[in-house]
Amino acid sequence: MLNNASGAMGPHAGPGSRGRLLVGGLRGSSGKTAISLGLIGAWKRRGVPVVAFKKGPDYIDAAWHSVATGSPCYCLDVFLMGEESAARQFADKEPRNGVAVIEGNRGLFDGFDNKGSYSTAELAKLIKSPVLLVIDLTKMTRTAAALVLGSIKLDPDLKIGGVVLNRVAGARHARIATEAIEQVTGVPVLGVVPKLPKIQAPERHLGLVTPEETPDAEEWVLEMGRQIEPHLDMDRIEAMAFSAGDHGLSGGAMDAVKRASRPVRIGVIRDSAFPFYYAENVESLARAGADLVWIKSVDDPELPELDALYIGGGFPETHARLLSGADRLRRSLQKAVAKGLPVYAECGGSVYLGRTLKYKGETFEMAGIIPVDFEFCTRPQGHGYTEWVADKKNPFYEVGAAIRGHEFHYTRASSVDAGADSAFRIERGEGFGSGREGIMRGNVLAMYGHVHALGCPEWVNGMITAAESHSLGR
């Protein structure tokens, strides 16, 4: 046991003080999320305000951070958002009196290319944040020192402020690794976390199970924090976070968002079937003046009166029987689309708009809006950053618009009618296959890719413009 928080505000946090700390790892699944949640819980118990950020295109880890903090977790991804928007986003959302906890993704230096472009390390340098490096110590001791030393040598401009050893087998295991790291590199070990099987989160094909599908999600997060905190030297970690200094960044990330010229109602289908939304996407619609109407895909009998509809990603495959059985909502959606309702769908939302979905040998009827049949596969059918160019007229983007996004899906379009039209030429990624993305029908655009509002103001403006146009005609 290293340190057990007393419940009082930490020695380095105080009125007007700002801290930041990026939790990085040397590979995926090294324990970054668990350690981040432990830190958030510890600071909350100390009375230190916390805002969470997640690097990379990720909805599920961010959702767990939101449960832990009780407020939105914000995205920081330089590929999706651009360097300036990412920096402004951090300046806008960091706590004015507290600490920002930023969870990295993948390995610390893993990025877009062999230079590590858009990596977690590059983000840490952009926002001038010290890194708390999490190392999975499974089946190693002194080699951990080589990993830390290699990280320091690879990028001397990166500030690695401390190390947390995770999944430690025992006291001797911890002592040898700690002594080796501190003697060889001079970087302090600030946490020694043993194997804690009781806090392992349930996983499936896209990673962790979402909070929406986890019974007692808040209690699970609290328990994770309670088990991890005693193994962290919170006083020294807090000192590192609050010693980061001024980053010199200015805000204004949402300045490019247009304002609606008239009242518009935009529906958002959000529940356990479709939980994947960036907080900034929803906030940008509200900031633009939209009245957001929350809809549940299974529980709500029909659509309310709307000017546009947004359906995010999620798990239509695991909810296929329920979605297929909610025929009143599907019929309501069909009628609204026939009357010209603008609908923007991403990934799982697009699958829902299809005719059918085949999952584990069964075929389920979907909404029947776009002429596409989908099937679930055992391996990812699209995974990573994407780039598209709008080369046809469509309901939401100007022709010629170049868009960056990301995709991660196990479904694929098994059948697409020959007459189906698409909006984008793919420069990078998979989309619907054959180099095309964005199936269109009337005012409906069904995408496999996801966009982030701060990197794609065209999406926000397109949603508002489409909603305004529809409101005038109904």
Side-chain angles (χ1 to χ4, degrees), residues 212-213 260 262-277 281-282 285-286 290-359 362-374 394-396 411 413 416-417 420-421 438-448 459 462-474:
E212 290 86 353
E213 295 183 81
R262 57 185 291 110
V264 292
R265 286 164 54 87
I266 297 181
V268 182
I269 296 183
R270 186 170 191 169
D271 54 15
S272 60
F274 304 105
F276 293 168
Y277 296 89
N281 285 24
V282 175
L285 294 175
D291 178 16
L292 300 181
V293 182
W294 302 101
I295 301 163
K296 294 185 180 297
S297 61
V298 174
D299 297 335
D300 288 342
E302 58 185 29
L303 290 181
E305 196 73 36
L306 298 172
D307 298 310
L309 178 64
Y310 177 27
I311 315 175
F315 298 100
E317 61 273 10
T318 61
H319 294 71
R321 192 176 304 279
L322 292 172
L323 294 172
S324 182
D327 53 356
R328 284 184 61 191
L329 182 65
R330 289 188 290 115
R331 288 197 300 268
S332 173
L333 177 56
Q334 291 167 359
K335 291 178 181 178
V337 167
K339 293 179 180 178
L341 179 70
V343 180
Y344 189 98
E346 296 176 323
C347 199
S350 296
V351 173
Y352 176 61
L353 294 181
R355 286 183 301 221
T356 62
L357 169 59
K358 186 176 181 180
Y359 179 61
E362 294 188 72
T363 299
F364 300 92
E365 185 178 359
M366 295 287 105
I369 303 297
I370 60 173
V372 183
D373 297 297
F374 293 90
N394 65 86
F396 297 97
T411 60
V416 182
D417 282 6
D421 205 2
I439 300 296
M440 296 185 286
R441 178 193 166 188
N443 286 332
V444 175
L445 181 60
M447 307 284 293
Y448 250 127
W459 172 80
M463 286 289 293
I464 296 299
T465 299
E468 288 176 328
S469 177
H470 186 64
S471 71
L472 285 171
R474 67 175 176 86

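- The shortest side-chain heavy-atom distance between Tyr310 and Leu292 does not fall under the 4.5 Å cut-off.
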For this session: Let me see the working for Lys358 and Asp373 under side-chain contact (heavy atoms from CB on, under 4.5 Å), right down to the final yes or no.
Result: CA-CA 8 Å; Lys358 186 176 181 180; Asp373 297 297; over 6 Å; no

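- Classification of Asp307 and Arg265 as a salt-bridged pair fails, no side-chain N sitting under 4.0 Å from a carboxylate O.
- For Phe374 and Tyr359, the ring centers are positioned 6.0 Å apart or more.
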Exercise. When you look at Val343 and Ile369, which way does the side-chain contact (heavy atoms from CB on, under 4.5 Å) test go after all the steps?
Worked result: CA-CA 10 Å; Val343 180; Ile369 303 297; over 6 Å; no

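- Not counting sequence neighbours, Arg262 has no partner by the salt bridge (Lys or Arg N to Asp or Glu O under 4.0 Å) test.
- Contact annotation: the side chain of Leu472 never approaches that of Glu468 to less than 4.5 Å [non-hydrogen atoms, C-beta and beyond].
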Counting only pairs under 3.5 Å, give me each side-chain donor-acceptor contact of residues 332-340, with atom names and distances, residues two or more places apart or in other chains.
{"from": "Ser332", "atom 1": "OG", "to": "Leu303", "atom 2": "N", "distance (Å)": "2.9"}
{"from": "Gln334", "atom 1": "NE2", "to": "Ala367", "atom 2": "O", "distance (Å)": "2.6"}

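- Taking the side chain as every heavy atom from C-beta outward, Leu353 and Ile311 approach each other to under 4.5 Å.
- Proximity of Asn443 to Phe396: side-chain heavy atoms (C-beta onward) are nowhere separated by under 4.5 Å.
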For this session: Under the side-chain contact (heavy atoms from CB on, under 4.5 Å) rule, what do Met463 and Asn281 come out as? Steps first, then yes or no, please.
Result: CA-CA 11 Å; Met463 286 289 293; Asn281 285 24; over 6 Å; no

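- At least one donor-acceptor pair closer than 3.5 Å links the side chain of Tyr277 to the backbone N or O of Gly312.
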For this session: Apply salt bridge (Lys or Arg N to Asp or Glu O under 4.0 Å) to the pair Arg441 and Asp417, showing each step before the final yes or no.
Result: CA-CA 12 Å; Arg441 178 193 166 188; Asp417 282 6; over 6 Å; no

For this session: With side-chain contact (heavy atoms from CB on, under 4.5 Å) as the test, would you mind laying out the steps for Ile295 and Phe274 before giving the verdict?
Result: CA-CA 10 Å; Ile295 301 163; Phe274 304 105; over 6 Å; no

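- Residues forming a salt bridge (Lys or Arg N to Asp or Glu O under 4.0 Å) with Arg330 (at least two apart in sequence, or on another chain): Glu365.
- The closest side-chain heavy-atom distance from Ile266 to Tyr344 is not below 4.5 Å.
- Closest of all the heavy-atom pairs between Ser297 and Ala326 is O-CB, 3.8 Å.
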